[in-house]
Amino acid sequence: MIARTLNHQIPGFAALSIITLAIIGLAMGCNAIPESARMEVATPNSPTEPLERFGLLWEAFDSDSGVIASGQSLSHILSPAGMSAGEIARLTQATNDEYDVRNMRSGKSWWIAYDRDSSATAAHFIYQRNAREYARFSLQEPYAVALESLPADTLIQRTKGTIENSLYVDLDRLGAPTSLALAMANVYAWTVDFSRLQKGDDFDVMYERTYVNGEPMGMPRVIACHFQHRGRALPAFRYDQGEGYDYFDEAGQSLRKAFLKSPVEFSRISSHYNLKRFHPILQKTKAHYGTDYAAPKGTPILAVGDGVVSKSSYTKGNGKYVKIRHNKTYETQYLHMSRRAVSAGESVKQGQVIGYVGSTGLATGPHVCFRFWKNGKQVNHLREEFPPSTPIEKEKMNAFQATVQELSTAISALSVARK
Ligand SMILES: [Zn+2]
């Protein structure tokens, strides 16, 4: 029924040996690093076995562990451990108010801790409820259950390298978590197109990660990053000026950028985004996925944000149009131009003229039909809530600058984790 292997070696403890660096002053004064975090160097292949586990002095026990199989109940696991049906029934009843064992699910891990001194009596049963939480049952009278959480550690690590292939591949090569690529792409979503990184781009990143039992949980979080993209230094520092963490450059400018409110100055909205609009030319109900800004023919149309032109083209309906990819989430599209001023593949800056108002395609008069794409879907940009891109406030500038100094010192003091 249950493969029984008494093991002293604890599975899942691919241990990280931790060297706590004496940068204590730093962790105290700096709001970008939580006080509980430890600066560390990961050396993956030196196992250390913790003394305590599941709130028990684990080394005092022999342990057995497994995964609950489909259809397996508590008695299937505890009978082979030497408990009688009556004992299991009393245990279940005594602990039912705190934890109903019928909630145990197949696929979850369990452990039994056997007392080493009293002829290997089963003393504790541990059921892992999820990555953090477990239930620990006392298998000797008085029967009881304790619902507890595994301790989590926040470790701070550093990875440094040069792009040879793609950030993802290069992080893997350097022994860093590949999910760090996504974390970094989020930090730089408004400034760097991570699909267009170049060979020779440099990165030096300090990040934190939560570990439970030596296993990482969740995404790594960037604390500070020096990124050299096409020869341009793009530092990013995490800072909380009262509304949660955000990323700033060393001058305190937010790395996020707001979109322009509209692609044409001095215009009026002549038709709103409307899924049930009556089309003036087609004479039937047709969803209007854009916002129309009416303006005289030849009025410049501006890119609402930095990005790369993904299309500069013509169709019967759209007329001459331009589409811009701003980051992995947002694209914007500008229809009915009289003339286009950019071509596909070109990088554009916010406010740059990308074309001129016209009435090419299906249009009754000169206007730009502005379409806003979010994750590949057209949405009403006037209804979208964009994260604010507030720079560091004046009165917080000194504290911010101090943090930047501390983070810059910290990042260079950390040794670089390598495979
Ligand atoms: Zn339109």
Side-chain angles (χ1 to χ4, degrees), residues 189-191 193 195-196 256-389:
W190 300 85
T191 32
D193 182 352
S195 62
R196 286 157 52 98
R256 280 187 281 108
K257 285 187 184 160
F259 286 119
L260 295 181
K261 290 274 181 287
S262 89
V264 254
E265 291 171 312
F266 313 115
S267 61
R268 69 180 173 86
I269 292 178
S270 53
S271 176
H272 277 278
Y273 179 99
N274 179 358
L275 297 176
K276 290 182 187 152
R277 180 222 208 182
F278 187 77
H279 197 281
I281 292 177
L282 300 173
Q283 292 287 305
K284 63 174 185 182
T285 304
K286 189 173 185 283
H288 184 226
Y289 292 111
T291 304
D292 289 346
Y293 293 88
K297 186 181 175 194
T299 304
I301 298 168
L302 315 175
V304 294
D306 292 1
V308 175
V309 177
S310 53
K311 271 180 185 158
S312 175
S313 188
Y314 174 88
T315 65
K316 247 192 192 164
N318 294 349
K320 293 178 185 170
Y321 74 96
V322 165
K323 195 172 184 183
I324 298 170
R325 173 163 283 286
H326 300 285
N327 53 40
K328 64 180 173 31
T329 309
Y330 299 118
E331 286 175 288
T332 53
Q333 195 180 6
Y334 314 72
L335 316 184
H336 313 305
M337 292 176 166
S338 58
R339 189 158 67 82
R340 291 169 285 136
V342 288
S343 32
E346 209 173 301
S347 292
V348 290
K349 289 270 161 221
Q350 182 176 66
Q352 183 178 332
V353 176
I354 54 166
Y356 300 89
V357 172
S359 48
T360 55
L362 279 183
T364 46
H367 77 283
V368 53
C369 180
F370 177 61
R371 298 193 169 195
F372 199 91
W373 298 74
K374 183 183 184 183
N375 297 318
K377 273 196 177 144
Q378 301 188 76
V379 297
N380 184 355
H381 77 288
L382 298 173
R383 289 271 174 85
E384 285 296 301
E385 288 241 13
F386 298 108
S389 63

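Predicted model, so just to flag it, every value in this text is computed and none were measured. For ligands, and for the atoms within them, numbers begin at 1 and follow the listed sequence.
- Defined by atom type and a distance below 3.5 Å, a donor-acceptor pair is missing between the side-chain atoms of Thr285 and His279.
- Side-chain N/O atoms of Arg325 and Ser310 include no donor and acceptor closer than 3.5 Å.
- Summary: OD1 is the N/O/S atom of Asp292 found nearest to the Zn ion (ligand 1).
- A salt bridge links Arg277 with Asp292: the closest approach of a Lys/Arg side-chain nitrogen to an acidic carboxylate oxygen falls below 4.0 angstrom.
- Residue contacts to the Zn ion (ligand 1): His336 brings no N, O or S atom closer than 2.8 Å.
- Between SG of Cys369 and NE2 of His288, the angle at the Zn ion (ligand 1) works out to 110°, rounded to 10 degrees.
- Within the 2.8 Å limit, His367 places no N, O or S atom next to the Zn ion (ligand 1).
- Partner of Phe370 under the ring-ring contact (aromatic ring centres under 6.0 Å, His included) criterion, out of Tyr273, Tyr289, Tyr334: Tyr334 alone.
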